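All remarks here apply to the structure that follows.
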Amino acid sequence: MQRHARVSTRLTRIAALAASAAVAVVLSAVAPAAAAPPSGNNGGKDIASTTENYVTTFYPIWFTHFQTTALPVPVNHFIGPNEISPVYQAVVAINDDTLYASTPLDVSGGPVGVVVPATPVAYSVLLVDPYGNVYPSGIPSRKAGEGTQTIEYALIGPDASDDLLGAEVVRLPLDHMIMIFRVDKHIGTEDVTTEAEEFRKGILANGVPTAVKPVEEFGVPVKTIADDLVRLAPIEFLRQTQVAVADDGWTPPLNRQEQKLSDDFDALFGDGSSLTDAERAQFAEGARSAHDALIANYLDHRGATNWTHFTNIGAWKKNVLDRASITEFCQYCNTIETAAYYHAFYDGNGAPLDGSNPGGYVLTFPADAIPDAERFWSVTAYTPNAIQPIPNALDKYLVASYTEGLETNPDGSISIYLAVTQPDGVPQANWLPVRDGAFNVMLRVYGVVPKSDIAKDKYLPPAIQLH
């Protein structure tokens, strides 16, 4: 209760900050040519460039640290929301195609037992470190019909003994990681939500079933908190990031380059309490410059039809700018082998998507360019800054390959209409409600077909056009 009270106090303070000044993170206003972080920081002597490198490198660590320590999230205990709605803001770009069960894992004190029940439905398993790097889960994902057995796993640390009986041993590369199950609610066009819910609740961690909690418990706006802190209270954001980086209970061991960057920053910043006004201004400049760069990197990473698409999600190697950008817009997304993500903030002419356009927009997949998916494809509309589902009277947050009543055109193409109100003559199944203002849409392809155009990064989604 004390920790929850501290979180509430912190959120109230941040909300007051946001109310006192305009938040300068309106995506359409970001300069399109913001520079990438400099490769050097003058030997750790330059405040602005050192800070810019520091924020870009450790931006994901602030997110994970906040989500796993500042919020009342249980460790080694799977949880998930009872529904997906605009209330959900704990992780950006949530989808309504699947049921979620996730947990921070801590195997430093001994094995964690995970029981995965048999199920007819498809599910994927994601194992990530606090940076969002993806690792083989050891618990395999399953296509529909493949999960014919209940299997007990023993998750152990990198240096633990594997002398365990009666369980499949999974050695984790780190003591502290995050595991996420995503369980499909449909097999083809068949609704299997009941079976998916039964499976989700049956996932056990140390004998405890998944806790399905009200979506309101996942309503803390983590991304917008980060954005507001960077823009309005950058010194506080840097303090919090500094604490997160130093927390070796969750932050992976730093390599030599990361350690030097951390040491350089600490030497310049101290604990942030004794900075001159000029120094504070330089630290603020570095933090905001890094934030501008990671947003611009995402928005500018567009193909010919103005969809943002990354193929290195979860496998960035040294590309820390891409890693920071994905944390901001698609945290805990899968690698390209599991799912492909295409994100549009602009129409085919390069204008920002805006629901105030009277006729709305149309996205038409030609018959020979409908996304090829082993599980499903879906299109979801999101709010501009939080990247969360758009409120609407129907509680309809997507149009998908499994949407009941989805109609094809006479030539075999599929048109999805993005508008505030249902356009005349358009089936409700083909209509995706959006907001009267800026919005964005994400095309997901779950179950990427091996050797397909999507797998080979040769697929180009059609441009979104004014209707």
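Just so it is clear, the structure is predicted and the values come from calculations on it, not from any experiment.
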Practice problem: Describe, in one word, how the ring planes of Tyr402 and His186 are oriented to each other, choosing from parallel (under 30°), tilted (30 to 60°) and perpendicular (over 60°). | Solution: parallel
Quiz prompt | Cation-pi, Tyr346 ring and Arg302 (6.0 angstrom, 45 degrees) | solution = yes
Practice problem: Apply side-chain hydrogen bond (donor to acceptor under 3.5 Å, both in side chains) to Thr148 and list each qualifying residue two or more places apart in sequence or on a separate chain. | Solution: none
Quiz item: Can you list the residues that meet the ring pair (Phe, Tyr, Trp, His ring centres under 6.0 Å) rule with Tyr459, with sequence neighbours excluded?
Solution: Tyr342
Exercise. State, without any angle test, whether Ser289 and Glu52 hold a side-chain donor-acceptor pair at a distance under 3.5 Å.
Key: yes
Quiz item: How are the rings of Tyr123 and Phe199 set to each other: parallel, tilted or perpendicular (split at 30° and 60°)?
Solution: parallel
Quiz item: Under 3.5 Å, side chain of Glu198 to main-chain N/O of Thr193, donor-acceptor pair present?
Solution: no
Quiz item: Restricting to pairs with a member in residues 209-232, which pass ring pair (Phe, Tyr, Trp, His ring centres under 6.0 Å), not counting sequence neighbours?
Solution: Tyr88-Phe218
Self-check item: Any residue meeting side-chain hydrogen bond (donor to acceptor under 3.5 Å, both in side chains) with Glu328, in chain and number order, not counting sequence neighbours
Solution: Tyr59, Lys223
Quiz item: Do NZ/NE/NH1/NH2 and the carboxylate oxygens of Arg231 and Asp292 come within less than 4.0 Å?
Solution: yes
Quiz item: Under 3.5 Å, is there a donor-acceptor pair linking the side chains of Asp457 and Thr311?
Solution: no
Exercise. Using distance alone, with no hydrogens and no angle criterion, decide if Asp263 and Gln259 have a side-chain donor and acceptor under 3.5 Å apart.
Key: yes
Quiz item: Side-chain contact, heavy-atom cut-off 4.5 Å: Leu261 with Thr50?
Solution: yes
Quiz prompt | Any donor-acceptor N or O pair under 3.5 Å, side chains Asp322, Asn312 | solution = yes
Self-check item: Residues which pass ring pair (Phe, Tyr, Trp, His ring centres under 6.0 Å) with His176, listed by chain and number, not counting sequence neighbours
Solution: Trp250
Quiz item: Which heavy-atom pair separates Ser262 from Tyr54 by the least distance, and what is that distance?
Solution: CA-CE1, 4.1 Å
Practice problem: Would you kindly say whether Asn297 and Ser325 are connected by a side-chain donor-acceptor distance under 3.5 Å? | Solution: yes
Quiz prompt | Those residues that, when tested against Tyr332, pass side-chain hydrogen bond (donor to acceptor under 3.5 Å, both in side chains) (two or more places apart) | solution = Gln67
Quiz prompt | Lys185 and Asp96 ion-paired at < 4.0 Å | solution = yes
